2 protein chains.
Amino acid sequence: MTTFRQIKSDVIGRITAGEWGPDATLPSETELAARYGCARATVNRALRELADDGVLERRRKSGTRVRAAPVRQARFEIPLVRREVEGQGAAYRYALVERAVMAAPDWLRARMALEPEARVLHLVCMHYANASPYQYEDRWIALDTLPAAEAEDFAATAPTAWLLATIPFSQVEISFAATEADAALAAHLGCAEGAALFFAERSTWFDGKPVTFVRLVHRPGHRVTARY
Amino acid sequence: MTTFRQIKSDVIGRITAGEWGPDATLPSETELAARYGCARATVNRALRELADDGVLERRRKSGTRVRAAPVRQARFEIPLVRREVEGQGAAYRYALVERAVMAAPDWLRARMALEPEARVLHLVCMHYANASPYQYEDRWIALDTLPAAEAEDFAATAPTAWLLATIPFSQVEISFAATEADAALAAHLGCAEGAALFFAERSTWFDGKPVTFVRLVHRPGHRVTARY
DNA sequence: AAGTGGTCTAGACCACGAA
DNA sequence: TCGTGGTCTAGACCACTTA
């Protein structure tokens with residue numbers, strides 16, 4: 001019997017061997033099903049998954065082609081800090097550094113597309129691994145969208161965990177970049193001023209409305225890794 | 001009629017509404033198919049995709065559960081530098097800075113799991129956007145695995161493009177981090193020494209054998225972004 | 001031993017999009 | 001117009017896992 005996995009690796013093999021070069025059109029699903037001696041649904045699943053992986057490009061009527069420039073995609077897991085730290089066998093500790101309710105500063109209003117006069121909750125938190133600074137968290141929560149946040153003190157629970165429990169499914173944009181440590185960051189993370197720090201920024205929407213913006217600055221040397 | 005997309009969003013809706021809380025077990029596929037009035041294959045596809053997305057966890061016999069801590073995954077596209085630059089409407093230019101064949105240094109042997117005495121091709125390249133430095137590339141190619149690389153001069157073609165054409169499918173590990181600019185980096189990227197730079201490192205294997213290791217250092221301010 | 005998901009089949013209808 | 005992929009169906013057998 002032919003399984004969709006076999007078809008996938010056979011197709012990859014033919015592309016690698018050069019039988020189907022860049023931009024080549026593959027035979028139709030019906031044709032391939034006949035060749036492999038299986039049902040069209042089986043071929044469909046194999047080709048669909050390869051298209052998801054960025055190897056193939058499919059269009060109705062014109063057929064299935066080998067992507068000239070394969071879309072390389074890496075999937076990164078975004079863990080909760082607590083899990084990340086504990087997964088490394090270290091003891092996790094959370095601390096709230098600052099908590100304030102205020103009118104959204106201009107840069108944040110622009111960034112999150114907030115209404116003028118929008119009120120936000122600003123939180124600064126620290127995450128420690130075995131008593132060493134691990135991550136600095138600078139978070140802003142839109143109170144218009146999530147008024148319940150104002151009643152939380154976040155003294156013991158990290159905002160990420162609370163948010164995850166409150167709005168488990170949301171649209172997220174994440175980006176990675178580097179920044180130099182300013183005086184405050186250096187003090188909190190225990191590094192030299194000017195040190196190169198890796199950070200992630202996340203914007204979250206729920207039901208089309210802006211919920212939260214966070215900058216997570218990692219201690220020096222931190223890296224995120226993925227395989228594909 | 002009920003489509004697998006409708007089922008997906010209905011399931012998400014019920015989880016969001018709290019009907020199926022964390023760790024809750026969903027009804028079996030057969031049961032759900034009866035409820036939705038569709039075939040089991042349709043339910044299967046919906047639940048399988050939600051499991052791929054990290055929302056559900058499925059196990060034979062024990063059933064489908066809502067993940068307590070949803071696995072957040074972000075998919076980043078890894079473009080060729082040329083495409084990235086041109087996609088921003090800038091003119092792309094490539095330059096080879098250095099090319100040398102040598103015995104692999106110890107740190108690289110360890111990192112790539114190379115044989116003792118392994119020979120490698122070391123390349124340093126620059127990528128420019130509108131004549132401004134865009135990315136610094138420090139690449140090592142294992143000549144044992146890819147002897148053909150020694151015959152290439154890489155004067156006009158960037159190694160990434162050549163590698164992609166030569167071994168289109170390979171296993172890749174990528175990681176992101178930050179580093180401070182040393183004198184050489186600062187000169188090449190036109191930034192101050194000590195500036196915080198974002199970089200990606202990629203290790204590639206083909207057929208289980210190490211092929212290449214590359215560090216791509218971006219100009220100051222660069223970020224990579226993904227949605228999920 | 002038994003229930004659950006994993007997969008395949010053979011057939012069907014439909015939507016898109018290039019000619 | 002009409003060929004291609006997209007999806008659904010009803011049924012089947014199997015593999016895994018837990019009780």
Side-chain angles (χ1 to χ4, degrees), chain A residues 1-15 19-71 73 75, chain B residues 1-15 19-71 73 75:
Chain A
M1 181 165 57
T2 311
T3 71
F4 77 94
R5 287 171 205 283
Q6 290 171 332
I7 297 179
K8 279 178 81 170
S9 65
D10 184 70
V11 169
I12 292 284
R14 284 169 198 267
I15 295 174
E19 183 173 339
W20 293 329
D23 280 329
T25 301
L26 272 63
S28 73
E29 292 189 350
T30 318
E31 166 68 20
L32 284 174
R35 287 200 204 173
Y36 287 119
C38 68
R40 182 166 79 95
T42 308
V43 174
N44 179 273
R45 177 158 179 196
L47 298 189
R48 175 160 39 86
E49 292 195 357
L50 287 175
D52 279 346
D53 294 345
V55 174
L56 301 176
E57 198 174 2
R58 320 195 72 194
R59 238 177 297 172
R60 284 156 146 132
K61 167 75 180 175
S62 52
T64 303
R65 305 170 134 252
V66 179
R67 290 193 99 111
V71 178
Q73 296 177 331
R75 284 172 88 154
Chain B
M1 182 167 55
T2 312
T3 70
F4 76 95
R5 287 170 205 282
Q6 290 171 331
I7 297 178
K8 280 178 79 171
S9 66
D10 183 70
V11 169
I12 291 284
R14 283 170 198 268
I15 295 174
E19 182 172 341
W20 293 328
D23 280 329
T25 302
L26 271 64
S28 74
E29 291 190 349
T30 317
E31 166 68 23
L32 285 174
R35 287 200 204 173
Y36 287 119
C38 69
R40 182 166 78 94
T42 308
V43 174
N44 179 273
R45 177 156 180 196
L47 298 190
R48 176 160 37 87
E49 292 195 357
L50 287 175
D52 280 346
D53 294 345
V55 174
L56 301 177
E57 197 175 1
R58 321 195 71 195
R59 238 179 298 173
R60 284 156 148 136
K61 167 73 179 174
S62 54
T64 302
R65 304 170 135 250
V66 179
R67 290 193 98 112
V71 179
Q73 294 177 331
R75 289 175 116 185

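No experiment lies behind these values; they were computed from the predicted model shown. Residue numbers begin at 1 in each chain, while the letters A, B, ... track the order of the sequences.
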*Asks:* Between C1' on C/dG3 and CD on B/E31, what's the gap in Å once rounded to a whole number?
*Replies:*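 Whole-Å distance recorded here is 14 Å.
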*Asks:* Please name all residues satisfying side-chain hydrogen bond (donor to acceptor under 3.5 Å, both in side chains) with A/Q6, sequence neighbours left out, ordered by chain then number.
*Replies:*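 So A/Q6 forms no side-chain hydrogen bond (donor to acceptor under 3.5 Å, both in side chains) with any residue.
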*Asks:* Can you measure B/R65 atom CZ to D/dT18 atom P for me and round it to whole angstrom units?
*Replies:*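 For the pair B/R65 CZ and D/dT18 P, the rounded distance is 10 Å.
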*Asks:* How close do B/R75 and A/D52 get, counting heavy atoms only, and between which atoms?
*Replies:*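 In terms of heavy atoms, the two residues are closest at NH2-O, 3.3 Å.
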*Asks:* In residues 62-71 of chain A, what donor-acceptor pairs under 3.5 Å come from side-chain atoms, sequence neighbours left out?
*Replies:*
from	atom 1	to	atom 2	distance (Å)
A/T64	OG1	A/R58	NE	3.1
A/T64	OG1	A/R58	NH2	3.3
A/R65	NH1	A/D23	O	3.2

*Asks:* Once you round it to whole Å, what is the distance between C1' of C/dG5 and CG of B/D52?
*Replies:*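 In whole Å, C/dG5 C1' and B/D52 CG are 14 Å from each other.
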*Asks:* Could you pull out all residues at least two apart from B/R59 that satisfy side-chain hydrogen bond (donor to acceptor under 3.5 Å, both in side chains)?
*Replies:*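 By the side-chain hydrogen bond (donor to acceptor under 3.5 Å, both in side chains) rule, B/R59 matches no residue at all.
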*Asks:* Going by atom type alone, with no hydrogens or angles, which donor-acceptor pairs under 3.5 Å involve a side-chain atom of residues 34-41 of chain A and a protein atom two or more places apart or on another chain?
*Replies:*
from	atom 1	to	atom 2	distance (Å)
A/R35	NE	A/E31	OE2	2.9
A/Y36	OH	A/D10	OD2	2.5
A/R40	NH1	A/E29	OE1	2.6

*Asks:* Mind calculating the distance between CD (A/E57) and P (D/dG5) to the nearest angstrom?
*Replies:*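 Distance, rounded to whole Å: 13 Å.
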*Asks:* List the residues meeting side chain to side chain contact (heavy atoms under 4.5 Å, CB included) with A/R60, not counting sequence neighbours, and say none if there are none.
*Replies:*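 Side chain to side chain contact (heavy atoms under 4.5 Å, CB included) check on A/R60 returns nothing, list empty.
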*Asks:* At under 4.0 Å between heavy atoms, which parts of nucleotides 6-16 of chain D does protein reach? Answer with one letter per nucleotide, 5' to 3': B base, S sugar-phosphate only, - none.
*Replies:* BBSBB-B--BB
*Asks:* So what does B/T64 touch, heavy atoms closer than 4.0 Å: a base, only the sugar-phosphate, or nothing?
*Replies:*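 It contacts sugar-phosphate atoms only.
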